[in-house]
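Count residues from 1 along the sequence.
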Amino acid sequence: MPLSHAQLWKAIDGLARHEGISVSALARRAGLDATSFNPSKRFGPGEPPRPRWPSTESLTRILAATGLSLGEFAALARDAVERPSTVPMLGMAQAGQDGFFDDAGLPVGDGWEQTELPRPRDSLLSLRITGDSMAPLYREGDRVIVDREAAEVRKGDRVVVRTTGGETLAKEVATLTARSVILASINPAYPPRTLPRADIVWMGRILWVSQ
């Protein structure tokens, strides 16, 4: 059975995850350009966009670099299934009523609103919360998913900030100016912090938190 364009690219993504690295790092390990497997390289111009397939040479190189056989890679490709990008959303009043769930505890019927889930991409990372400056919103040990390349951060957003001094801070944006950012903690025991823009390496919006 021939492999689809989506299956091949999903297999490459899965191989990178198996190795514990990004697709860019996988490309570099194989001696390829770091952007070889970037999402932007998977479709060409046109309407609709024209699919671009990974070359035989690039596949051979990543198999050699990871020690994976062609058969194992083919199994990865065939098993590659798109993760759900949304889940049904229920109002709290509805969730408390009978008739909205089946015997397995799943929502029944059609027409549910949907909640968007973070889709895997190179700009996402996961961090573990330490300390209590954001309690009770975020607790010690909670994990957050952050998008370092999210759209413009706005006042009120919960963010993770990486500073030139090596700090990684989970805060709420209180004020934004062209020259500085004021970061607030949820816990009132911690005063706001003002950071010059020049001291910020990146600032990403928190998309999801484990509870």
Hey, does Leu59 have a side-chain heavy atom less than 4.5 Å from the side chain of Leu70?
no
Do you know which two heavy atoms are closest between Trp53 and Trp9, and how far apart they sit?
C-CZ2, 4.2 Å
Are Ile200 and Val159 joined in one hydrophobic group, where the rule is that I, L, V, M, F, W and Y side chains link up if heavy atoms are under 4.5 Å apart?
yes
Across all chains, not counting sequence neighbours, the side chain to side chain donor-acceptor pair (under 3.5 Å) partners of Arg52 are none
Nearest heavy-atom pair of Leu195 and Leu183: which atoms, and what distance?
CD1-CD1, 3.6 Å
Val181 vs Val161 side-chain heavy atoms within contact, under 4.5 Å
no
Side chains of Thr60 and Glu57: closer than 4.5 Å at any heavy-atom pair?
no
Heavy-atom pair of closest approach, residues Arg154 and Val173:
O-CB, 3.8 Å
Is there a side-chain contact between Lys171 and Ser133 (heavy atoms, below 4.5 Å)?
yes
Ring pair (Phe, Tyr, Trp, His ring centres under 6.0 Å): which pairs involve residues 177-201, sequence neighbours left out?
none
Please report the interatomic distance OG(Ser22) to CZ(Arg29), rounded to the nearest 0.5 Å.
10.0 Å
Can you tell me how far the CD atom of Glu172 sits from the NZ atom of Lys155, to the nearest 0.5 Å?
10.0 Å
Just wondering, do Leu176 and Met203 contact through their side chains at under 4.5 Å, heavy atoms?
yes
Please report the interatomic distance CG(Asp33) to NZ(Lys41), rounded to the nearest 0.5 Å.
5.5 Å
Cluster overlap Ile182 with Met134, hydrophobic side-chain contacts below 4.5 Å
no
Quick check on Arg143: does its CZ atom have over 12 non-hydrogen neighbours (other residues, nucleotides or ligands) under 6.0 Å away?
no
Donor-acceptor under 3.5 Å (Ser185 side chain, Asn187 main chain)
no
How far does OG1 of Thr163 sit from CG of Asp199, to the nearest 0.5 angstrom?
7.0 Å
Euclidean distance, Leu63 CG relative to Leu68 CG, rounded to 0.5 Å:
6.0 Å
Can you find a pair of side-chain heavy atoms, one from Val209 and one from Leu137, that are under 4.5 Å apart?
no
Thr130/Glu140 under side chain to side chain contact (heavy atoms under 4.5 Å, CB included): CA gap, chis, key distance, verdict:
CA-CA 5 Å; Thr130 59; Glu140 177 96 25; 4.0 Å; yes
Under 3.5 Å side-chain donor-acceptor pair for Ser40 and Asn38:
no
Is the side chain of Arg197 donor-acceptor paired with the backbone N or O of Thr177 at a distance under 3.5 Å, no angle test?
yes
Are Ile186 and Val144 connected into the same hydrophobic cluster when the rule is that any two of I, L, V, M, F, W, Y join if their side-chain heavy atoms are below 4.5 Å apart?
yes
Exam field: side chain Arg28 to backbone Leu32, donor-acceptor pair closer than 3.5 Å:
no
Nearest 0.5 Å please: distance from the CG atom of Leu26 over to the CG atom of Leu15.
5.0 Å
Is it true that a side-chain atom of Arg205 and a backbone atom of Asp157 form a donor plus acceptor pair closer than 3.5 Å?
no
For Ala30 and Arg61, which heavy atoms make the closest approach, and how far apart are they?
O-CD, 3.2 Å
What pairs with Thr56 under side chain to side chain donor-acceptor pair (under 3.5 Å), at least two apart in sequence or on another chain?
none
Do Leu8 and Phe43 share a hydrophobic cluster, counting only Ile, Leu, Val, Met, Phe, Trp and Tyr and linking them when any side-chain heavy atoms are less than 4.5 Å apart?
no
From CA spacing to verdict: side chain to side chain contact (heavy atoms under 4.5 Å, CB included), Val146, Trp202:
CA-CA 11 Å; Val146 180; Trp202 55 262; 4.2 Å; yes
Does the pair Leu124 and Leu207 meet the rule for a side chain to side chain contact (heavy atoms under 4.5 Å, CB included), with working shown?
CA-CA 9 Å; Leu124 296 187; Leu207 304 181; 3.7 Å; yes
